[in-house]
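The structure appears below as structure tokens.
The first residue of the sequence shown is numbered 1, and numbering continues consecutively from there.
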Amino acid sequence: MAGDDEKRSVFGDQAGSVELLWGGRERPGRGPKPALSLERITRTALALADAGGLGAVSMQRIATELDFSKMSLYRYVPGKTELVALMIDMAMGEPPPDTPAPAGAGRWRVVLRAWAKALAEVYERHPWLLGAAVGPRVMGPNELGWTERAVAALADTDLSGGEQFDAVVVVSGHVRALAQVSASMGLGSARAKEPEQVMSAALNELLAGRADRFPAIAAAVAATDVTARDQAGEFGLERILDGLEAYMSRA
């Protein structure tokens with residue numbers, strides 16, 4: 001069939017993920033008990049990843065958790081690549097609701113700010129996403145819905161279509177970078193939620209007796225208010241939004 005051939009040519013070995021994410025395939029007509037479902041398999045895998053990272057997820061572990069044979073799972077999902085695609089989309093969830101904001105030239109900024117905050121919360125709940133959602137892969141309906149919400153916020157601006165996508169990539173990249181920093185400071189721990197305090201403490205220890213060698217860093221650390229939450233995230237996001245606003249004004 002020409003349609004199937006074209007899909008395979010575009011997505012290559014990701015065609016199986018496309019079918020599961022977008023094709024509505026749920027369960028085979030025969031074989032496993034009705035108690036087993038694609039959603040149940042994915043939710044079990046998601047819980048394992050949230051508790052122990054992506055490395056804790058295996059078809060055998062999921063089968064054990066569900067009290068089914070590993071071969072039963074393969075009737076629903078071909079392998080771990082497709083399973084991870086389903087996990088990513090389930091972890092992303094529905095995009096955040098439309099942000100109440102007055103209509104006008106600055107509405108896009110309010111919406112993007114709320115969108116970035118919601119995305120950061122997704123990474124905080126599911127830190128394994130940082131490693132899973134990289135490389136060539138197929139986006140599912142939930143993840144594409146997130147992109148739709150952000151691009152729609154810029155639809156009434158003077159940015160071209162390509163620039164709207166680029167702006168969303170820059171904002172999401174900033175959120176992702178800060179989430180990676182937080183995760184590297186203690187995956188899933190309380191201290192990961194206060195990266196400024198952890199980084200300041202680490203720098204102070206490294207600078208002890210060496211401030212004369214790194215005077216600019218020492219001065220900046222000394223002047224940093226570590227009691228404020230998420231300074232880097234807020235500062236970076238606001239500067240990105242400032243830059244977009246300035247660019248729109250020039251255009």
Side-chain angles (χ1 to χ4, degrees), residues 50 88-134 139-200 220 223-251:
D50 286 345
I88 291 171
D89 207 54
M90 182 176 283
M92 291 297 299
E94 293 284 336
D98 196 16
T99 305
R107 186 179 188 280
W108 64 269
R109 185 165 181 146
V110 175
V111 175
L112 277 189
R113 186 184 294 115
W115 182 89
K117 182 177 184 294
L119 182 60
E121 290 170 352
V122 169
Y123 285 134
E124 187 173 316
R125 288 193 300 271
H126 311 289
W128 58 268
L129 275 172
L130 295 165
V134 295
M139 286 197 296
N142 284 337
E143 189 176 7
L144 198 59
W146 277 76
T147 304
E148 165 70 17
R149 182 59 49 80
V151 171
L154 297 165
D156 294 331
T157 68
D158 291 329
L159 296 180
S160 68
E163 289 171 339
Q164 292 169 23
F165 279 114
D166 291 342
V168 174
V169 169
V170 171
V171 172
S172 62
H174 171 69
V175 174
R176 181 185 180 85
L178 265 294
Q180 287 175 320
V181 171
S182 292
S184 70
M185 292 178 179
L187 187 63
S189 71
R191 71 174 190 162
K193 299 177 182 179
E194 302 294 346
E196 282 82 7
Q197 293 183 22
V198 178
M199 184 175 291
S200 180
T224 298
D225 178 11
V226 297
T227 62
R229 173 95 189 258
D230 198 21
Q231 289 175 309
E234 290 290 338
F235 178 83
L237 178 60
E238 291 304 317
R239 300 300 73 76
I240 289 171
L241 299 181
D242 287 344
L244 287 173
E245 189 168 358
Y247 179 76
M248 293 177 196
S249 299
R250 289 198 303 271

| pair Asp242-Arg109: side-chain heavy atoms closer than 4.5 Å | yes
| Side-chain donor or acceptor of His174 paired with backbone N/O of Gly233 under 3.5 Å | yes
| query | Roughly how far, to the nearest 0.5 Å, is the CG atom of Asp166 from the CG atom of Leu154? | reply | 11.0 Å
| message | Restricting to non-hydrogen atoms, name the atom on Ala91 and the atom on Val122 that form the minimum distance, rounded to 0.1 Å. | response | O-CG1, 3.9 Å
| request: Considering non-hydrogen atoms only, spot the tightest contact between Ala150 and Val168 and give its length. | output: CB-CG2, 3.6 Å
| Out of curiosity, Glu238 CD to Arg113 CZ, how far, rounded to the nearest 0.5 Å? | 4.5 Å
| task | Indicate yes or no for a side-chain donor-acceptor contact from Trp115 to the backbone of Trp146 under 3.5 Å, with no hydrogens or angles considered. | result | yes
| note | Between Leu241 and Trp108, the two heavy atoms sitting closest are O-CH2, 3.5 Å
| request: List the steps, then state whether salt bridge (charged side-chain N to carboxylate O under 4.0 Å, His left out) holds for Glu234 with Lys117. | output: CA-CA 9 Å; Glu234 290 290 338; Lys117 182 177 184 294; over 6 Å; no
| remark: Interatomic distance, CZ@Arg250 vs CG@Asp158, rounded to 0.5 Å, equals 13.0 Å
| request: Using a 4.5 Å cut-off on heavy atoms from C-beta on, say whether the side chain of Asp50 contacts that of Arg125. | output: no
| query | So, Asp89 side chain and Met139 main chain: donor-acceptor pair closer than 3.5 Å or not? | reply | no
| message | For the CZ atom of Phe235 and the CG atom of Leu178, what is their distance to the nearest 0.5 Å? | response | 12.0 Å
| task | First locate atom CG of Asn142, then atom CD of Glu148, and finally report the distance between them rounded to the nearest 0.5 Å. | result | 13.0 Å
| said: What's the separation between atom OG1 in Thr157 and atom CD in Glu163, rounded to the nearest 0.5 Å? | reply: 8.5 Å
